[in-house]
Amino acid sequence: MTDPFVPGDLDPPAGLELPGMRLEPLGPEHNERDFQAWTTSIEHIRATPGFEGGEGDDAWPRPMTLEENLSDLVGHAADFEARRGFTYTVLDASSDEVIGCLYIYPATDDEHDARVKSWVRASRDDLDAPLRRGVSEWLARAWPFANVDYDARP
């Protein structure tokens, strides 16, 4: 990638408040809560637009240890710091329980400038559509992307 993902003068948003949930940059401090969220919702996440159909090493979610998950979170935090991509954890607004995740990365096609994916844990699937709506509005308002690839929900 020769062009930067976001302009150098952009301060990536530190988070987002939505009804019943809030987003903050994903980091190692979320490891145990993040691990618990996705490992209890693997089939649900795999059925979520943007996550279906992965195979082999590219399939996610896939079985991982807590230590492997920590390494993954460290990588996402490093991407955020280096402005290569932006991953946010989705927290319950009242309990700080991890209820999902949002990924904002460069698109891999020539039509879009960002590829966005999100998931919520199976027990909180009622928040999937509100999360997508709120994030879509936030992307249009606070981010410099003209054409975002964010999988539609049924």
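The residues of the chain are indexed from 1 along the displayed sequence. Fair warning: this is a prediction, and the values are worked out from it, not measured in the lab.
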Exercise for the section: I would like to know whether Phe51 and Ile42 meet side-chain contact (heavy atoms from CB on, under 4.5 Å); could you show each step before the answer? Expected result: CA-CA 10 Å; Phe51 294 93; Ile42 290 175; over 6 Å; no

Exercise for the section: Just do the side-chain contact (heavy atoms from CB on, under 4.5 Å) check on Arg33 and Leu91 with the steps written out, would you? Expected result: CA-CA 10 Å; Arg33 292 177 291 155; Leu91 302 168; 3.9 Å; yes

Exercise for the section: Start with the C-alpha distance between Trp119 and Val90, add both sets of side-chain angles, then the distance that settles side-chain contact (heavy atoms from CB on, under 4.5 Å), and finish with yes or no. Expected result: CA-CA 9 Å; Trp119 58 265; Val90 181; over 6 Å; no

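Here the side chains of His76 and Phe86 are not in contact, with every heavy-atom distance at 4.5 Å or above. Between Val98 and Phe35 there is no side-chain heavy-atom pair separated by less than 4.5 Å. Between Asp34 and Leu73, the closest side-chain pair of non-hydrogen atoms falls below 4.5 Å. Proximity of Thr65 to Glu68: side-chain heavy atoms (C-beta onward) are separated by under 4.5 Å at one or more points. His112 has its side chain out of reach of Val148: every pair of non-hydrogen atoms, C-beta onward, lies at least 4.5 Å apart. Residues Thr39 and Met64 have side chains not in contact (no heavy-atom distance under 4.5 Å, counting atoms from C-beta outward). Counting only heavy atoms from C-beta outward, the side chains of Asp92 and Leu127 never approach each other to under 4.5 Å.
Counted within 6.0 Å of CD on Glu29, heavy atoms from surrounding residues, nucleotides or ligands total more than 12; the atom is thus considered enclosed.
Figure legend: Lys117 and Tyr150 shown without cation-pi pairing, the cationic atom not lying both under 6.0 angstrom from the six-membered ring centre and within 45 degrees of its axis.
The minimum heavy-atom distance linking Val135 with Val116 is given by the pair CG1-CG1, 4.5 Å. The shortest non-hydrogen separation linking Gly27 to Ala77 is CA-CB, 4.4 Å. Between Ile45 and Pro61, the shortest heavy-atom distance links the atoms CG2-CD, 3.6 Å. Shortest non-hydrogen contact noted between Arg132 and Asp151 is NE-O, 2.6 Å. Taking every heavy atom of both residues into account, Arg121 and His44 meet most closely at C-CD2, 3.9 Å.
Atom CD1 in Ile104 sits 5.0 Å away from atom CG in Leu139 (nearest 0.5 Å).
A donor and an acceptor atom, one from each side chain of Trp38 and Asn69, are located under 3.5 Å apart.
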Listing, residues 5-26 side-chain donor-acceptor contacts under 3.5 Å, not counting sequence neighbours, or none:
from, atom 1, to, atom 2, distance (Å)
Arg22, NH1, Glu24, OE1, 2.5
Arg22, NH2, Asp96, OD1, 2.4
Arg22, NH2, Asp96, OD2, 3.3
Glu24, OE2, His30, NE2, 2.6

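Exactly one residue among Ser136, Ser118, Cys101 makes a side chain to side chain contact (heavy atoms under 4.5 Å, CB included) with Leu131. That residue is Ser118.
Checked by atom type and distance alone, the side chain of Asn31 pairs as donor or acceptor with a backbone atom of Leu70 at under 3.5 Å. Asn147 places no side-chain N or O within donor-acceptor distance of the main-chain N or O of Asp113, the cut-off being under 3.5 Å.
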